[in-house]
Amino acid sequence: MSQQELLTKLTEAINQNVANAIEKAELPYDFPTITVYKDQAHDVLEFLRSDKDWNFHFLTDLTGFQTADEKQLGVVYHLHNMMKNIRVRIKTHFDINKPEIPTATDLWPGANWMERETYDFYGIRFKGHPNLKRILNVDEMDIFPLRKEYPLEDQQREDKEDKMFGR
Amino acid sequence: MNGHSVKRSKLNIQNFEKMSNKPIKRTKLEMAKSPQGIEGPGFFAAKLDDVIGLARANSLWPLPFATSCCGIEFMATMASDYDLARFGSERLSFSPRQADMLMVMGTIAKKMGPTLRQVYEQMAEPKWVLSVGACACSGGIFDTYSVLQGIDRIIPVDVYVPGCPPRPEQIIEGILKIQELAKNESLRRRNSPEYKKLLNSYGME
């Protein structure tokens, strides 16, 4: 089965089981990528996880992103079916002012730490997550560092001031 | 004698010079200088400060706090080629309570900060801190939200060793500088109001 066939079949299966879920289906770098609407995202994941034929039993990765216009945040799920060796990428996005999405920990327990990490860096709140708190950064941090509105550099740095370079 | 006597070649400097037909550069060894004092037959009188300073300086127990590549340079410094033991720092102390000199080598993430501070607070006086490498001194190339921009934001530092990473010679130079500090430190310094003020500025008692 070519990746194009896989994408077509997947899109059909999702359309049959979850109504009005798919926003976009693409094949960037020959990798099936399906963008779904936020409200249907959990249903789509649940279908892909529990369906006997598709059975994406392994969540390879889960992470966040911010769109180039800086107005939206998103979540990417990388799913893997090891028996058939097929992979798919599910994307969803939502308004940055209301970054909420249902958790995937009920489908894959491994999503627990990945969702904590995504919360830590992007501030995306996963509804229903059992323990949503920072995992990598210090607990006192009051920003979400990978959002574009926050500067990457530490604001306390002194030796990069102009006077250090004779300017 | 069992007939297996081994004939050893005489590989000393004289023979080596003969074999290679050129003179070998020899290091002039110097003994540690004794402190100023009055010497007579069977006695030597000097200031207690000087004698204790000499003893402290030549038996500094380092606590290596190695978090990244500078730590690898430190391992070379400890090993046979550079041999930190020559300077009286033979014994690494992995417990802060017996250490005299905290050597911070590598990037300190902000999350590591409280740990480093606790290690420093657990050390007994007198104690010295050597900050090795650009990251420990100023944050180095890691000008980013997660990295502490220099350990002197949380603990007082005595000697900074720049470099990314510094060579073992530079680390040894830093330790020699700390030895100078230890030699010349007044015994009363750790009780002085200036020292208390320094610690207070870091929020320590």
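The sequence lines fix the lettering, A, B, ..., with proteins before strands; numbering per chain opens at 1.
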Lys/Arg-Asp/Glu bridge criterion (N-O < 4.0 Å) met for A:Asp154, B:Lys110: yes
Pick from B:Gly139, B:Ser146, B:Gly140 with the largest number of heavy-atom pairs that fall under 4.5 Å of chain A: B:Gly140
Beyond-backbone contact of A:Val138 with B:Tyr145, side-chain heavy atoms, under 4.5 angstrom: no
Atom CG of A:Asp69 with >12 non-hydrogen neighbours under 6.0 angstrom: yes
Within 6.0 angstrom of A:Lys38 NZ, more than 12 heavy atoms from elsewhere: yes
For A:Tyr119, all residues meeting ring-ring contact (aromatic ring centres under 6.0 Å, His included), sequence neighbours excluded: A:Phe144
Other residues, nucleotides, ligands: >12 heavy atoms within 6.0 Å of A:Leu152 CG: yes
